[in-house]
Amino acid sequence: MEFTVHGVCPHDCYDTCSLDVVVRDGVIERIRGDREHPITRGFLCFKVNRYLERINHRDRILYPMRRVGSKGQGEFERVSWDLALTEIATRLKDIERRSGAEAILPYSFAGNMGILSSSSMDARFFSAIGASRLARTICTASSTAVLHHMFGQALGPDPETLPQARLILLWGTNPMATNVHQIPLLDEARDAGAKIWTIDPLYTETAQRFKPHMAIHPNTDAVLAMGIGRYLIEHELYDAQYVRQFTRGFDAYREMVAPYSIEHVARLCGVDPLQVRQLAEEIGKIRPLLIRPGYGMQRQRDAGLAVWAVSALAIITGAFRNAGGGLLIGNGDAFVLNLSALTRPDLAWGPTRSINMIELGQALTHTTNPSIEALVVYNANPAATAPDQSRVLKGLSRDDLFLVVHEQMMTDTARYADFVLPAAMSMEVLDIYVSYWHRYVQLNRPAVAPAGEAVSNPEFFRRLAHAMGLSDPAFDESDEDLLRHALNTEHPYLAGVTLESLSQTPVKKLSLPMTARPFVDTPILTQDGLLHLDPIPGLACHEDKPKGFHLLSPSRRETIKSSFANLPSFEEREPDPEILVSEEDASSRGWTSGQWVRVYNAKGQTRCRVNVSPVPPSGTVVSYAVRWNSVAKGTNINQLTSDQLADFGGGATFYSTWVEIDPELGG
Ligand SMILES: Nc1nc2c(c(=O)[nH]1)N[C@H]1C(S)=C(S)[C@@H](COP(=O)(O)OP(=O)(O)OC[C@H]3O[C@@H](n4cnc5c(=O)[nH]c(N)nc54)[C@H](O)[C@@H]3O)O[C@H]1N2
Ligand SMILES: Nc1nc2c(c(=O)[nH]1)N[C@H]1C(S)=C(S)[C@@H](COP(=O)(O)OP(=O)(O)OC[C@H]3O[C@@H](n4cnc5c(=O)[nH]c(N)nc54)[C@H](O)[C@@H]3O)O[C@H]1N2
Ligand code: SF4
Ligand SMILES: [Mo]
């Protein structure tokens, strides 16, 4: 018997695709893109087109397991759920008694972006026991903090209005890999006459498709945007009326950008002044103007300053006035869910400390009061994805750290666990998804039963809460109860979106009309109701130039961070870790493609094969994020990345990393 179930792609991706999951005789046979969905349009990406490899992977965790080997060896024995939960509860309660519950730290991110999967029963559980809180900063913290500061919320134009734009700046984003459902919208805009710039140090597939390409030096975005701002003011190419009506802080803005002439900017950014002037002229004159920054431009030391300066361009040009125009970083805040009913912060006894996830290595290796004695990881693979990896691995190797990992795969992190618990896949459980880019709410129905003894994230924490003796009725609520709480809101954008209505129609668009121009037709949610142009206090460009090659480790087309990097088809495509170097650097250093090199800095080292490539410019090298150590037989590029926090919002600075490269002896 064959039938089709509506699903949603659970992965951390802009596109949040609508799926047709085809089941035959109780087994998933195919996963296709939903043809009816206006964003998904019937196609999926390289990764999810191969999803059966993931569902049926030999490394899938199907049963609870207890460590038998030493930490990191990945040797386990199968145990029952009862035994695992009893031992975990005993250990956690011991730690609570001995050191206080703040010695327990949850670590999770967006491995599954569902409402239930990302933060529901887990949040209730950690609040109720009084654990340390994790600041989920690793991806978008800096840009989100700036958007809240300037706009009061993360809201942008509806991506479906993108084809109306006539000037589009793809700024530090590589949608050909990371946002493939934006490509048809960009193509439509271009076919209708739009000019599309790509501003990226790398000659990416996106830069090849959408030209002109402005190949600025990495981490010089703030300077470029401030230089353009000064030019627009000097040449009266800004929207003075919009500035007067909707903003505050223009004079301070003008003062901040004053030092940045076109010539100075061109020198700092390493580009032709004529090209900078051309871009500034077009920004001043072509409408609708859509600035589309990605998260790539905010994984740097000057993240806050860069996002502020780029966002200010959208404000002073009045870009929001035109349908299709404005600033599109994300639409996450358009989904005004009832998070307190879902996550129940009131279950906490009092405030507890917050630990920035970027500093996991420090948190696990420094003595704090209390020190971290237990770590509970789900929806994330920090042994592969966190910066300053050698310190993270040192922490995970501690014999006195109790590590519990709820996972679908035997990841690099799971290999260090004392207990690994099997996590269900999204096609096996109920959930609802919102997107951080488009504006649809979607129901994911289970298509098949969970494999082995796997359970969903909320079910794992429900079981753990009961094992720990938590008796609040909050821990008895079903998944349906939790989803009803999340959707129980009077907010007009979610009008008519209920579990019942989604059960009838699993894809629903927010009631925020496509034609409503953000910050013109929608309220501005800052305290004074104005857009804030004032410079963020204390932010200034880093001017020091660390030695060595600038290392960028952006998203790879074939994986999502560490997810998918253990699929056989990926291992076949790229059996060894690679570092992309420019022809110029390869010839001056005498490197050839295929040669093994040692890539290192003060944080650590890793081995890669050289790939001489047109992607990086001279002085910059690239290694896509990220491989598995257990698959790549070594360590991945996060050995080298910085755990320094960005200038604002506590965000990550993966792309402010510098390395040296030496040929490997005998390599
Ligand atoms: N295939 C695939 N899709 C993904 C992911 C993945 O790993 N693989 N990851 C998902 C996740 S978690 C996220 S957050 C998004 C991220 O997706 P994007 O927003 O596209 O961000 P990144 O991939 O981090 O980087 C995008 C581009 O920024 C460039 N860049 C690096 N440093 C600078 C700089 O200083 N200035 C400028 N202007 N550009 C710079 C990089 O060269 C890169 O081409 O994608 C999601 N989608
Ligand atoms: N060098 C470098 N490092 C980076 C970045 C970079 O650009 N360069 N980007 C950073 C960014 S933007 C991000 S967002 C982070 C992402 O870092 P992580 O959050 O660690 O993301 P993933 O590697 O995708 O790991 C997610 C894990 O969740 C598991 N998972 C999936 N679904 C479920 C579920 O339903 N339940 C449970 N329990 N587990 C599940 C998957 O199997 C997978 O192992 O990486 C960061 N690391
Ligand atoms: S990873 Fe992104 S593009 Fe691929 S199916 Fe999932 S949501 Fe769609
Ligand atoms: Mo991310």
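These figures come from a predicted structure and were not determined experimentally. When a ligand or atom number is given, it counts from 1 through the structure's own listing order.
Taking the six-membered ring where the residue is Trp, Y295 and Y14 present parallel rings, their angle staying beneath 30° rather than reaching 60°. The aromatic rings of H438 and Y440 sit perpendicular to each other, their planes meeting at more than 60°, with 30° as the lower class boundary.
Distances between N or O atoms of T178 and those of ligand 1 include at least one value under 3.5 Å.
When heavy-atom distances to ligand 1 are checked against a 4.0 Å cut-off, T220 has no atom that comes that close, whether in backbone or side chain. Using a 4.0 Å cut-off between heavy atoms, R557 contacts ligand 1 through its backbone alone, with no side-chain atom that close. Looking at T204 against ligand 1, only its side chain comes within 4.0 Å, counting heavy atoms. Residue-level proximity to ligand 1 for K47 is carried by the side chain, the only part with a heavy atom below 4.0 angstrom. Looking at C139 against ligand 1, only its side chain comes within 4.0 Å, counting heavy atoms. Within the 4.0 Å heavy-atom criterion, neither part of F46 lies near ligand 1. Both the backbone and the side chain of N174 come within 4.0 Å of ligand 1, counting heavy atoms alone. With a heavy-atom cut-off of 4.0 Å, D221 touches ligand 1 through its side chain alone.
A side-chain donor-acceptor contact under 3.5 Å links D431 to the backbone of S117. Checked by atom type and distance alone, the side chain of S553 never pairs as donor or acceptor with a backbone atom of A625 at under 3.5 Å.
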Practice item. Take R60 and E428 through the salt bridge (Lys or Arg N to Asp or Glu O under 4.0 Å) test and state the conclusion after the steps. Key: CA-CA 14 Å; R60 246 200 103 169; E428 302 166 346; 3.1 Å; yes
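Partner Q389 forms a side-chain hydrogen bond (donor to acceptor under 3.5 Å, both in side chains) with one of T606, N636, T641 and no other, that one being N636.
Taking all atoms of both residues into account, the shortest heavy-atom contact from P554 to Y655 is CA-OH, 3.1 Å.
Checked against ring-ring contact (aromatic ring centres under 6.0 Å, His included), F46 has no partners two or more places apart in sequence or in another chain.
The single protein non-hydrogen atom nearest to atom 33 (C) of ligand 1 is G296 O, 3.8 Å, given as residue, atom name and distance.
Which parts of ligand 3 touch K47 is read off a 4.0 Å heavy-atom cut-off, strictly below it: atoms 1 (S). Residue I560 has at least one heavy-atom neighbour below 4.0 Å for each of these atoms of ligand 3: 1 (S).
No side-chain donor-acceptor contact under 3.5 Å links D20 and T4.
Not a single heavy atom of H217 sits under 4.0 Å from any atom of ligand 1.
If you count the protein N, O or S atoms nearer to atom 8 (Fe) of ligand 3 than 2.8 Å, you get 1.
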